[in-house]
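Along the sequence shown, residues are numbered consecutively beginning with 1.
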Amino acid sequence: MVGSMNRAQQGYYLEEKKFSKDFEDLGLGVQPETEHYLLSTRITDKAAFNYVISHDKDVPSYVGGVFSVSLNEVESDASSNEMTMLAIICEANISGPTIPLLPTYQNGELACGEGTTDFSTIKSYY
């Protein structure tokens with residue numbers, strides 16, 4: 001689900017030139033809360049963070065991050081006016097209803113927050 005939320009944020013950004021703060025805008029066709037998970041999103045000017053928080057003490061929670069950055073930050077020979085999206089999914093190391101620390105983007109690198117493990121890192125160019 002975090003991967004779907006990340007991709008939906010990328011699509012929304014391409015159309016609207018901003019990330020969506022409203023879960024419903026992502027058009028995923030699922031409720032923001034289910035029996036097992038709470039789904040939510042939080043944005044900044046340059047990033048969207050998508051949460052899947054477990055209600056079950058035996059299932060981990062997840063956080064995804066989508067970052068809009070200049071392509072020349074990750075490809076040294078790229079034009080500075082080109083943009084790229086970088087996305088990451090992080091899994092909480094401890095199961096249960098915990099809110100994972102946010103992933104970060106610094107100096108061309110994505111990293112999961114403390115207490116989480118990189119589940120998937122994706123680059124997509126536009």
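T34 contributes atom OG1, which lies 6.0 Å from atom NE2 of H55 (distance to the nearest 0.5 angstrom). To the nearest 0.5 Å, atom OG of residue S54 and atom CD1 of residue I99 are 12.5 Å apart. One distance of note links CE of M5 with CG of L28; it measures 7.0 Å at 0.5 Å rounding. Here the CD1 atom belonging to I89 is positioned 13.5 Å from the OG1 atom belonging to T117, to the nearest 0.5 angstrom. Atom CG of L86 sits about 12.5 Å away from atom NZ of K46, to the nearest 0.5 Å.
Nearest heavy atom pair, residue P100 against residue I53, reads CD-CD1, 3.6 Å. Considering all non-hydrogen atoms of both residues, P103 and G64 come closest at CG-C, 4.3 Å.
In this structure, the side chains of V63 and N50 stay at 4.5 Å or more apart for every pair of heavy atoms. Considering only heavy atoms from C-beta on, Y37 stays 4.5 Å or farther from M1 through its side chain. Counting only heavy atoms from C-beta outward, the side chains of T104 and L110 never approach each other to under 4.5 Å. The shortest distance between side-chain heavy atoms of E35 and D56 does not fall below 4.5 Å. Looking only at side-chain heavy atoms (C-beta outward), C90 and Y62 stay at 4.5 Å or farther from each other. Residues V66 and F19 have side chains in contact (heavy-atom distance under 4.5 Å, counting atoms from C-beta outward).
Criterion: ILVMFWY side-chain heavy atoms under 4.5 Å apart, direct or through other members. Under it, V2 and V30 are part of a common hydrophobic cluster. Linking ILVMFWY side-chain heavy atoms closer than 4.5 Å, directly or via other members, places V59 and I94 in two distinct hydrophobic clusters.
In this structure, a donor-acceptor pair under 3.5 Å is absent between the side chains of T116 and N93. In this model, no donor atom of one side chain and acceptor atom of the other lie less than 3.5 Å apart for D58 and S95.
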### Message
Evaluate Q9 against I43 for side chain to side chain contact (heavy atoms under 4.5 Å, CB included), listing each step before the verdict.
### Response
CA-CA 10 Å; Q9 284 286 9; I43 65 165; 4.3 Å; yes

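The side chain to side chain contact (heavy atoms under 4.5 Å, CB included) search around P32 returns F23, E24, not counting sequence neighbours. Among residues two or more places apart in sequence or in another chain, the side chain to side chain contact (heavy atoms under 4.5 Å, CB included) test is passed with D25 by Y12, S20, D22. In terms of the side chain to side chain contact (heavy atoms under 4.5 Å, CB included) criterion, residue partners of L101 (sequence neighbours excluded) are, by chain and number, E114.
In this structure, T84 contributes its side chain and S70 its backbone to no donor-acceptor pair below 3.5 Å.
If you look at F49 and F67, their ring centroids are closer than 6.0 Å.
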